[in-house]
Amino acid sequence: MSKRIADLLFPNIDKTPEFYENKYPAREGAGRVTRFAPSPTGFLHIGGLYTSLINRLIAKQSGGAFYLRIEDTDQKRLVENGVVDIITALKQFEVEFDEGPYDEVNEHGAYAPYRQSLRKEIYQAYAKQLVTDGKAYPCFCTEEDLQNIRAEQEKDGSGTLGYCGKWARCRDLTDEQIEAELSAGKPFVVRLRSEGEAGKMREFADGIHGAVSMPENILDIVITKQDGLPTYHFAHAIDDHLMHSTDIIRADEWLSSLPIHVQLFEMLGFNVPNYYHLSPIMKLDGTSRRKLSKRKDPEARVSFYRETGYPVKAVIDYLLTICSAKFEPWRAENPSADSLDFTLDLADTGVSGAMFDFDKLDNIAKNVIGAMTDDEIFAAVLAWATEFAPDFAAFINSDKDYFMRSIPIWHEKRLDIKKWSEVAQLYPYMYNKQYDTSACEMPERMADRKADAKEILEMYLASYDPAADSDAWFANVKSIAEQKGYCIKMGQYKKNPDAFPGSVADVSMFLRVAITGQANTPDLYKIIKLIGDEEAEKRIKNYIEKIK
RNA sequence: GGCCCGAUGGUCAAGAGGUUAAGACACCACCCUUUCACGGUGGUAUCCCGGGUUCAAUUCCCGGUCGGGUCACCA
């Protein structure tokens, strides 16, 4: 192989690897350099958020750098606005970059460009050098050729599969043959001339799995595709070298290509970075577990959490909880600390792939919301509703004071809400001023006491004192109970329920259902004071009507 | 199928050659209580299977089973 062939293959490439080595010098400082490198193929997956969060954490806690690199070498899969979608989604979850694209065209950072489609000449300069050095060669095999090779290999039964050894037909083409193919205008890919030895095992270091023993790569993998763009493997080696990534933290699915990547780094003369392969987030599907699927599982999309209104902090905390068992105790000791201040040791990361657990997320979310102030909640609910529930937003805006006053009713000393979509849904009697309770049924145990219900509600209306405070109000409820012969001491009632026609709890329940339409609510007195005496009275009257 | 990774309650998991095998979520009971929620107390439930090493194995080793990943000119 020769310089001449290399020139023929890449006639327009005049830069050498040395040029780029000089252009992109090593970074200052000893911090760790990490990156998130997604393909802009649509929405952000929860696993992508997970990975980026961890990368961000590692860079930040070491005083290093974290950058975004767009892997857009597959022209077929590109999606319009794919880059902006990713950046926006990440930003919504507080993942920000030190370097990388801002939007579809602009970017910042000393190692630009950060879009692989813009780095074509860089990859080609290295590919050209590899060809010159005899470490790579052009391959003219068609898809059909490849299929035939595969078919023969399967028949042959030797167990080898793929473009390698004697099957690699273009590996030993002479310069003359190559020139002939080229002048015939045949398209080509460039393949690495693998130096791996068949069957030879080797240990590869992984910061999460430890030493992983795998066979050396013997495949002559494609490094440059027919369209001149690099494959993932090649771009990874070139970019992470030139951008000086120190730690490659990525999804588990890459573990099996580690031999290829290490080989690439070594043949290119690069230092091999530290690798960490993160376990995927799983889903329990019936009795089997599988990876969260974009198509089947709404929770796979990061946008799902915003739409349903989980607080961003809850999602972040949940992801970190999955990531390291040390996070929860840390959070317990530092309840209000920024999640990014957690010091993560990748060695503590689980190796088996956590099942996504909504119960746990909900629990974290409840506590996050519980710790918020009423003002913060007001802002968060309004922001959520404005984007995802315009009717509810209009309601809030129509009477901000009313909504503000309602928050402590369900927030004070309570953990009722896990996500903002539950607010209007859980308390229709507060947030729907035309709410009609008359169709709502009493709990089953009280359903046959219609006469009592009617009478009690009428007694209540007759004795209602708008000026009464909470205690006086409840004293009145008790007195109604007493007049009806209902037990007013719950302890006593529970010991001997058959001795009474009912209890104060039942009286309260008649009122609760008449006023709210529900059997379970926060403090009734507060609700009445929020919706107003008149509204409460109106609902009770309607309810009495219905009882007939 | 080849190669790789993994397996501790329902879920997330700590853990060490000898432990009453942590903790969190969920669940259940009780207390508190006008419902629910909150809070409190207590509870049910786990080391995948078979060999080997050892005085001793859930822990180390080897098999198996099961689950996951990967075998592209996709990333």
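Everything numeric here is computed off the predicted structure, so don't read it as measured data.
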Point to revise | Distance, nearest 0.5 Å, that separates CD1 of A:Ile322 from CD of A:Glu328 | key: 10.5 Å

**Study point:** Pairwise C1' distance, B:rG17 and B:rU59 [rounded to whole Å]
**Key:** 7 Å

Point to revise | Centroid under 5.5 Å and tilt under 30°, A:Phe474 to B:rU34 | key: yes

Check your understanding: Can a donor-acceptor pair under 3.5 Å be found between the side-chain atoms of A:Lys494 and the base atoms of B:rU33?
Key -> yes

Study note, to complete from the structure: Among the nucleotides B:rU34, B:rC38, B:rG68, whichever has the atom closest to the side chain of A:Ala505 is B:rU34

Check your understanding: Counting any heavy atom closer than 4.0 Å, what does A:Gln226 reach on the DNA or RNA strands: base, sugar-phosphate only, or nothing?
Key -> base

**Study point:** Interatomic distance at P, B:rU11 relative to B:rC3, whole Å
**Key:** 30 Å

Review point. So what does A:Ser352 touch, heavy atoms closer than 4.0 Å: a base, only the sugar-phosphate, or nothing?
Key: sugar-phosphate

Check your understanding: What's the CD-C1' distance between A:Glu299 and B:rU11, to the nearest Å?
Key -> 14 Å

Exercise for review: Output the single nucleotide from B:rC36, B:rC12, B:rG69 whose closest atom is nearest the side chain of A:Met355.
Suggested key: B:rC12

Check your understanding: Tell me: CG of A:Leu146 to P of B:rC74, nearest whole Å?
Key -> 12 Å

Revision key, fill the gap. Atom CZ of A:Phe356 and atom P of B:rC25 are separated, to the nearest Å, by 17 Å

Point to revise | B:rC74 OP1/OP2 closer than 4.0 Å to side-chain N/O of A:Lys225 | key: yes

Practice item. Using only side-chain N and O atoms of A:Lys366, determine if any of them is under 4.0 Å from OP1 or OP2 of B:rC38. Key: yes

Check your understanding: If pairing requires Watson-Crick or G-U wobble contacts with both distances under 3.5 Å, which nucleotide is the partner of B:rA29?
Key -> B:rU41

**Study point:** For A:Asp506, the option from A:Arg449, A:Arg512, A:Lys484 that meets salt bridge (charged side-chain N to carboxylate O under 4.0 Å, His left out)
**Key:** A:Arg449

Check your understanding: How would you label the contact of A:Met201 with the nucleic acid (heavy atoms, under 4.0 Å): base, sugar-phosphate, or nothing?
Key -> sugar-phosphate

Exercise for review: Select base, sugar-phosphate, or nothing to describe what A:Lys291 touches, counting heavy atoms under 4.0 Å on all strands.
Suggested key: sugar-phosphate

Practice item. When you get a sec, tell me which of B:rA75, B:rC12, B:rU70 is the closest nucleotide to the side chain of A:Ser39? Key: B:rA75

Check your understanding: Should B:rA56 form a Watson-Crick or G-U wobble pair with both distances under 3.5 Å, which nucleotide is its partner?
Key -> none

Study note, to complete from the structure: Picking from B:rG6, B:rC25, B:rC73, the nucleotide nearest the side-chain atoms of A:His209 would be B:rG6

Review point. Tell me: CD1 of A:Ile527 to P of B:rU35, nearest whole Å?
Key: 14 Å

Practice item. Establish, from distance only, whether the side-chain atoms of A:Ser52 and A:Asn55 form a donor-acceptor pair under 3.5 Å. Key: no

Review point. Is there a donor in the side chain of A:Asn476 and an acceptor in the side chain of A:Ser463, or the other way round, less than 3.5 Å apart?
Key: yes

Point to revise | B:rG39 versus B:rA26 - spacing of their P atoms, nearest Å | key: 10 Å

Revision key, fill the gap. Answer for the Watson-Crick or wobble partner of B:rG67, both distances under 3.5 Å, is B:rC5

Practice item. Can you tell me, in whole Å, how much space there is between the C1' of B:rG50 and that of B:rA45? Key: 25 Å

Review point. For the pair made of CH2 in A:Trp330 and P in B:rG23, what is the distance, rounded to whole Å?
Key: 23 Å

Practice item. Between B:rU46 and B:rG9, how far apart are the P atoms? Round to whole Å, please. Key: 9 Å

Check your understanding: So do the side chains of A:Tyr163 and A:Cys170 get within less than 4.5 Å of each other, counting heavy atoms only?
Key -> yes

**Study point:** Touch class at under 4.0 angstrom, heavy-atom based, for A:Cys487 against every strand present
**Key:** nothing

Point to revise | Worked verdict on A:Tyr276 versus A:Thr349 for side-chain hydrogen bond (donor to acceptor under 3.5 Å, both in side chains) | key: CA-CA 10 Å; A:Tyr276 302 85; A:Thr349 296; over 6 Å; no

Review point. Can a side chain N or O of A:Asn363 be found less than 4.0 Å away from OP1 or OP2 on B:rA26?
Key: yes

Review point. Has the side chain of A:Gln153 got a donor or acceptor atom that lies under 3.5 Å from a matching backbone atom of A:Gly162?
Key: yes

Practice item. Would you indicate which nucleotide in B:rC73, B:rU35, B:rA26 comes nearest to any side-chain atom of A:Arg191? Key: B:rC73

**Study point:** Touch class at under 4.0 angstrom, heavy-atom based, for A:Ala519 against every strand present
**Key:** base

**Study point:** Separation of atom CD1 in A:Ile369 from atom P in B:rA37, rounded to whole Å
**Key:** 17 Å

**Study point:** Pairwise C1' distance, B:rA24 and B:rG18 [rounded to whole Å]
**Key:** 28 Å

Review point. Is the shortest side-chain N to carboxylate O distance from A:Asp72 to A:Arg115 below 4.0 Å?
Key: no

Review point. Base, sugar-phosphate, or nothing for A:Val189, non-hydrogen atoms under 4.0 angstrom?
Key: base

Check your understanding: Strictly under 6.0 Å, is that where the ring centroids of A:His233 and A:Phe265 end up?
Key -> no

Review point. What interatomic distance, in whole Å, is found between C1' of B:rC28 and the corresponding atom of B:rG69?
Key: 38 Å

Review point. If you look at every strand shown and take non-hydrogen atoms under 4.0 Å, does A:Ser213 touch a base, only sugar-phosphate, or nothing?
Key: sugar-phosphate

Practice item. Tell me what A:Asp227 touches on the nucleic acid: a base, only sugar-phosphate, or nothing, going by heavy atoms under 4.0 Å. Key: nothing

Study note, to complete from the structure: The answer to which of A:Trp254 and A:Ser508 contacts RNA chain B further toward the 5' end, by nearest nucleotide, is A:Ser508

Exercise for review: Classify the nucleic acid contact of A:Asp357 as base, sugar-phosphate or nothing, counting any heavy atom under 4.0 Å across all strands shown.
Suggested key: base

Check your understanding: Between A:Gln263 and A:Asn217, does any side-chain donor sit less than 3.5 Å from a side-chain acceptor?
Key -> yes

Review point. Of the candidate nucleotides B:rG68, B:rC73, B:rU70, which contains the atom at the shortest distance from the side chain of A:Thr231?
Key: B:rC73

Review point. Looking only at side-chain N and O atoms, does A:Thr73 come under 4.0 Å of OP1 or OP2 in B:rA75?
Key: yes

Practice item. Would you mind pulling out the nucleotide paired to B:rC12, Watson-Crick or G-U wobble, both distances under 3.5 Å? Key: B:rG23

Check your understanding: Looking only at atom P, what distance separates B:rC60 and B:rU8, rounded to whole Å?
Key -> 14 Å

Practice item. Take atom CD of A:Gln518 and atom C1' of B:rU34, then tell me their distance rounded to the nearest Å. Key: 17 Å

Review point. Which of the following nucleotides, B:rG6, B:rA24, B:rC73, is nearest to the side chain of A:Lys360?
Key: B:rA24

Point to revise | Gap between atoms CD and C1', on A:Glu144 and B:rC73 respectively (whole Å) | key: 16 Å

Review point. In terms of side-chain heavy atoms of A:Pro280, which of B:rG68, B:rU34, B:rC74 is nearest?
Key: B:rG68

**Study point:** Candidates B:rU35, B:rC73, B:rC12 - which lies nearest the side chain of A:Arg512
**Key:** B:rU35

Review point. On RNA chain B, nearest-nucleotide positions of A:Thr142 versus A:Trp473: which is more 5'?
Key: A:Trp473

Exercise for review: Report yes if at least one side-chain N or O of A:Arg150 is closer than 4.0 Å to OP1 or OP2 of B:rA72; otherwise report no.
Suggested key: yes

